[in-house]
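Take a look at the structure below.
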Amino acid sequence: MRASQTLISTLKETPTDAEIISHQLMLRAGLIRKLASGLYTWLPLGLKVLRKVERIIREEMDRSGAQELLMPAVQPAELWQESGRWQAMGAEMLRLKDRHQREFCIGPTHEEIITDLCRTELRSYKQLPVNFYQIQTKFRDERRPRFGVMRAREFIMKDAYSFHINQESLEETYAVMHRTYCRIFDRLGLEYRPVLADTGAIGGSGSHEFHVLAESGEDAIAFSTVSSYAANIEKAESLPPQQPRPQPGAAMVRVATPQQRTISEVSQFLETPPQQILKTLVVNGADEEGNESGLVALVLRGDHELNLLKAQQLNGIFSPLTLAADETIEAAIGCSIGSIGPVGLKLPLFVDHDAAVVADFVCGANSDGEHLQGVNWERDLPLPTITSLRNVVEGDPSPDGEGVLTIKRGIEVGHIFQLGDKYSQAMNATVLDENGRAQVMTMGCYGIGVSRIVAAAIEQNHDERGILWPTAIAPFQLALLPMNLNRSAAVEEMTERLYRQLSDMGIDTIVDDRNERAGIMFADMELLGIPHRIVIGDRGLKNGTLEYRNRQESENQDIAVDEIISFIQQQLALA
RNA sequence: CGGGGCGUAGCGCAGCCUGGUAGCGCACCACAAUGGGGUUGUGGGGGUCGGAGGUUCAAAUCCUCUCGCCCCGACCA
């Protein structure tokens with residue numbers, strides 16, 4: 001491609017509303033432009049990258065045996081009512097009406113549509129398993145879009161849905177998808193990890209997320225230092241402590257703690273480490289039918305964080321988990337949230353297993369401005385239900401018993417689920433089995449955030465000059481930079497010759513034939529992150545050489561003119 | 001949705017407090033010089049100051065309403 005005929009809209013200054021580096025660089029390099037909150041135009045160079053990502057995904061999905069199709073972005077309400085999600089989805093689903101006042105939404109995902117398709121098209125178990133995928137624009141009206149294309153409202157996703165006669169078949173395809181995802185992220189040239197994950201709103205049983213590792217990642221991931229155990233922190237199990245609870249060594253006393261509300265305040269005030277203090281959180285409870293009812297107290301060690309998912313799964317707790325309102329707590333307990341404690345508390349109680357082995361602890365006295373010291377389970381109060389309530393922390397033993405956990409940040413770029421029959425059941429998607437009986441199909445679903453991958457790749461690969469694309473998804477593999485193109489016939493001739501040769505070889509090349517100064521060409525191509533560059537100048541041509549430079553390096557290499565082609569081939573093969 | 005902040009040229013900003021008819025840098029156009037790391041000079045084009053209403057002889061500036069955007073927050077592929 002010729003730079004003179006390409007929209008290269010680079011910016012010298014960083015737009016102020018771009019927080020993270022990928023967003024800044026995508027704007028500066030002229031890959032995207034914002035239209036409105038969470039809505040972005042992909043400029044030609046950005047689209048080139050996006051297409052390369054899509055292409056790799058397509059090739060690997062096709063290779064896995066999946067079939068591509070394309071479903072509408074606008075979907076009728078009826079299907080969503082059938083699955084029950086028209087109510088369940090809430091405000092993140094963008095709803096609209098057509099001219100006949102019929103209700104539609106802009107698809108945040110496509111389970112309903114594919115299930116509807118398959119229940120009419122698939123008749124027999126002999127047609128299973130199948131796996132359909134599409135690369136499509138989705139819309140989720142995020143409460144807070146941010147980080148550019150990373151968490152946009154409109155975004156591009158590859159989503160796949162598989163259908164099976166039984167769980168065993170589902171597990172086979174699930175394993176194939178796991179492998180396929182690894183191939184995809186390998187080819188994309190990203191450092192990533194598959195991790196155990198929660199199934200979230202979509203529901204189902206087994207699930208893995210694929211995370212690109214980057215400091216700016218929104219998710220925390222726990223890894224074993226020794227084994228292959230890796231899990232999203234919201235899913236990571238904390239093992240019960242091995243050592244028993246020490247014997248009580250102190251008497252329970254009530255102490256005044258005026259104005260001391262948070263764990264760190266109480267810790268400082270009483271000169272007690274947070275591990276020795278127990279915090280009590282009050283959340284909304286649920287009755288037998290799962291309706292919101294009453295309050296439940298959760299007790300954790302002061303230095304630990306509540307794990308929402310674990311708490312939410314407990315019987316008697318309202319889902320989704322919500323902290324009780326301050327006024328509700330005041331009314332029920334008679335103190336504010338800074339002074340709640342388990343002693344004498346008339347609420348159903350759950351205690352985290354690490355909090356259950358603390359002796360002589362400090363906790364709120366259920367009276368404002370007072371705490372209890374030297375409290376002991378089974379002496380001063382009965383030991384309530386012990387369970388796992390907290391997030392794992394760095395240094396916890398790995399749940400598989402091998403090594404300890406470390407925690408890193410990740411960007412979720414893929415997610416695979418064993419859905420089960422949630423949708424096929426609700427929508428009555430059946431096939432006949434070998435006995436001629438109608439069987440509800442079992443489903444899997446497999447997503448990749450295509451547009452998010454572009455941002456994630458930049459988060460992981462950049463320097464102070466700009467982007468460092470993995471070769472597979474760089475907008476161009478190679479930049480040809482002629483010096484004084486318009487004033488040197490020799491340079492012009494060599495440039496044209498090389499451009500033709502490289503292009504004919506199928507190397508994605510940009511030749512910077514703009515009438516720009518050298519500095520501008522260098523800066524633009526570095527910002528854009530083109531992995532390889534060749535400078536053509538009279539200076540080198542005099543000696544029969546061209547200058548090669550890899551984007552990752554800071555030194556030029558002089559290469560003889562007649563060796564340049566094989567040299568470039570070599571460089572590209574290395575990548 | 002709650003809390004905070006910001007809307008002045010394509011981008012980054014000043015001007016607003018103390019009303020007097022809009023400015024700087026980058027980008028853009030023309031010409032010239034320069035020509036291997038965002039070069040220099042001269043001359044240009046471009047703004048209903050987010051929108052509506054109000055106060056005033058006079059509003060970017062003061063007041064009210066409204067829209068948009070950004071940041072923080074606890075349920076987000």
Side-chain angles (χ1 to χ4, degrees), chain A residues 9-20 23 27-28 30 33-39 89-92 107-111 136 138-159 197-202 207 209-211 218-219 232 234 281 283-284 305-309 311-312 318-323 411-417 445-453 455-456 465-466 481-488 491 512 515-527 533 535-541 547 549 554 556:
Chain A
S9 285
T10 53
L11 265 34
K12 208 183 284 186
E13 287 170 292
T14 304
T16 39
D17 53 358
E19 274 275 295
I20 58 169
H23 188 196
L27 290 168
R28 286 229 290 132
R33 287 290 181 260
K34 185 172 75 177
L35 177 64
S37 180
L39 302 178
M89 275 305 252
E92 72 167 19
T109 176
H110 281 76
E111 281 83 6
Q136 235 270 17
K138 306 270 195 251
F139 191 95
R140 295 183 191 174
D141 201 352
E142 293 282 348
R143 76 161 44 182
R144 185 144 95 84
R146 62 190 130 165
F147 304 150
V149 119
M150 188 79 86
R151 184 168 290 287
R153 293 195 291 176
E154 186 178 296
F155 59 100
I156 297 171
M157 184 165 164
K158 186 283 304 177
D159 49 328
D198 179 65
T199 48
I202 299 178
S207 175
E209 289 168 353
F210 288 75
H211 283 262
E218 290 188 272
D219 287 290
N232 193 307
E234 61 183 23
L281 306 174
V283 302
N284 291 311
E305 272 182 15
L306 177 66
N307 181 298
L308 280 74
L309 292 167
Q312 196 166 292
F318 181 69
S319 179
L321 186 84
T322 40
L323 289 176
I411 301 166
E412 184 186 350
V413 290
H415 202 158
I416 58 179
F417 295 88
C445 87
Y446 318 94
I448 291 183
V450 180
S451 40
R452 178 180 280 185
I453 282 175
R465 296 180 169 206
L481 306 188
M483 298 292 108
N484 297 320
L485 181 64
N486 297 327
R487 239 163 295 102
S488 166
V491 168
D512 201 340
N515 193 13
E516 292 288 0
R517 315 198 113 234
I520 289 178
M521 294 195 279
F522 291 143
D524 275 352
M525 292 305 140
E526 281 164 353
L527 177 59
R533 91 172 183 212
V535 173
I536 302 142
D538 280 322
R539 200 194 273 176
L541 288 182
E547 291 156 38
R549 183 133 136 197
S554 52
N556 287 334

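Per chain, numbering begins at 1; letters A, B, ... match sequence-line order.
Whole-Å rounding puts the A:Glu142 CD to B:A77 P distance at 8 Å. Distance CG (A:Leu308) to P (B:C76): 10 Å, rounded to an integer number of Å. Here the P atom of nucleotide B:A77 and the CZ atom of A:Arg153 are 17 Å apart, to the nearest Å. Atom CG of A:Leu485 and atom P of B:U34 are 19 Å apart (whole Å). In this structure, CZ of A:Arg151 is placed 12 Å from P of B:C71, rounded to the nearest angstrom. Whole-Å rounding puts the A:Phe147 CZ to B:C70 P distance at 12 Å. The CG atom of A:Asp141 sits 15 Å away from the C1' atom of B:A77 (whole-angstrom rounding). When the C1' atom of B:A77 is taken as reference, atom NE2 of A:His110 falls 14 Å away, rounded to whole Å.
Residue contacts for A:Leu321: at a heavy-atom cut-off of 4.0 Å it reaches a base atom on one of the strands shown. In this structure, A:Arg549 reaches the bases: a heavy-atom distance under 4.0 Å links it to at least one base atom across the strands shown. Across all strands, A:Ala152 comes closer than 4.0 Å to base atoms (heavy-atom distances). Among the atoms of the strands shown, base atoms are found under 4.0 Å from some heavy atom of A:Gly537. In this structure, A:Leu309 reaches neither bases nor backbone, as no heavy-atom distance under 4.0 Å exists between it and the strands shown. Heavy atoms of A:Met525 sit nowhere under 4.0 angstrom from any nucleic acid atom. Using a 4.0 Å heavy-atom distance criterion, A:Asn307 is classed as making no nucleic acid contact.
A distance of about 15 Å separates the P atoms of B:G4 and B:C65, rounded to the whole Å. Nucleotides B:G68 and B:G43 are separated by 38 Å at their C1' atoms, to the nearest Å. Taking atom C1' on both B:G47 and B:U21, the two are 14 Å apart, rounded to the nearest angstrom. Only the P atoms considered, B:U42 is 14 Å distant from B:C24, to the nearest whole Å. B:G46 and B:U8 have their C1' atoms separated by 14 Å, with the value rounded to a whole Å. Across B:A59 and B:G20, the matching C1' atoms stand 10 Å from one another, rounded to whole Å. B:A27 sits 14 Å from B:G44 when the C1' atoms are compared, rounded to a whole Å. Separation of the P atoms belonging to B:U56 and B:U61 is 16 Å when rounded to the nearest angstrom.
RNA chain B is contacted by both A:Gly449 and A:Asn484; A:Asn484 maps to the nucleotide lying nearer its 5′ end (nearest heavy atom per residue). With RNA chain B read from its 5' end, the first of the two nearest nucleotides for A:Arg539 and A:Glu218 is the one closest to A:Arg539.
Candidate nucleotides B:G73, B:G38, B:C70 were compared by shortest atom distance to the side chain of A:Arg144, and B:G73 ranks first. Of the candidates B:C69, B:G35, B:A74, the closest approach to any side-chain atom of A:Arg487 belongs to B:G35. With distances taken from any side-chain atom of A:Val535 to the nucleotides B:A77, B:G36, B:C71, the minimum falls on B:G36. For A:Phe522, the side-chain atoms get nearest to B:G37 when compared with the rest of B:G37, B:C71, B:A74. When each of B:G25, B:G37, B:C75 is scored by its nearest atom to the side-chain atoms of A:Arg465, the top-ranked nucleotide is B:G37. You'll find that the side chain of A:Phe155 is closest to B:A77, out of B:C71, B:G37, B:A77. Here the nucleotide nearest the side chain of A:Arg146, chosen from B:C69, B:G37, B:C72, is B:C72. Closest to the A:Ala523 side chain, of the nucleotides B:G35, B:A74, B:G38, is B:G38. For A:Glu13, taking side-chain heavy atoms from C-beta onward, the closest of the listed nucleotides B:C69, B:C26, B:C72 is B:C26. For A:Lys34, whose side chain is taken as the heavy atoms from C-beta onward, the closest listed nucleotide among B:G37, B:C70, B:A77 is B:C70.
The base-pairing partner of B:A77, taking Watson-Crick or G-U wobble contacts with both distances under 3.5 Å, does not exist among the strands shown. In this entry B:C6 has B:G68 as its Watson-Crick or G-U wobble partner, both defining distances falling under 3.5 Å. B:A14: no Watson-Crick or G-U partner with both key distances under 3.5 Å is found in any strand. Using Watson-Crick or G-U wobble geometry with both donor-acceptor distances under 3.5 Å, B:G45 finds no partner in any strand shown.
OP1 or OP2 of B:C13 sits under 4.0 Å from a side-chain N or O of A:Thr16. Between A:Ser37 and the phosphate of B:G68, there is no side-chain N or O to OP1/OP2 separation shorter than 4.0 Å. The side chain of A:Lys12 contributes no N or O atom lying less than 4.0 Å from OP1 or OP2 of B:G25.
Below the 3.5 angstrom threshold, one finds no donor paired with an acceptor across the side chain of A:Arg143 and the base of B:C1. Side-chain to base pairing of A:Asp524 with B:G38: one donor and one acceptor N or O lie within less than 3.5 Å of each other. For A:Arg533 against B:G36, no side-chain N or O and base N or O form a donor-acceptor pair under 3.5 Å. Residue-to-nucleotide contacts include a donor-acceptor pair under 3.5 Å from the side chain of A:Glu526 to the base of B:G37.
Under the 3.5 Å distance criterion, with hydrogens and angles disregarded, a donor-acceptor pair is assigned to the side chains of A:Asn486 and A:Asn515.
Residue A:Leu527 holds its CG atom at 5.0 Å from CZ of A:Arg28, rounded to the nearest 0.5 Å.
With respect to A:Glu142 and A:Arg151, a salt bridge is recorded, a charged nitrogen being found less than 4.0 Å from a carboxylate O. Using a cut-off of 4.0 Å between Lys/Arg side-chain N and Asp/Glu carboxylate O, A:Arg539 and A:Glu547 are scored as not salt-bridged.
Here the closest heavy-atom approach between residue A:Ser207 and residue A:His415 is recorded as OG-NE2, 2.7 Å. Residues A:Val450 and A:Lys158 approach most closely at CG2-N, 3.5 Å, considering heavy atoms. When every heavy atom of A:Asp17 is checked against every heavy atom of A:His23, the shortest pair comes out as O-CE1, 4.1 Å. The heavy-atom pair separating A:Leu323 from A:Asn284 by the smallest distance is O-ND2, 3.9 Å.
Panel note: side chain A:Gln312, backbone A:Leu321; a donor-acceptor pair is recorded below 3.5 Å.
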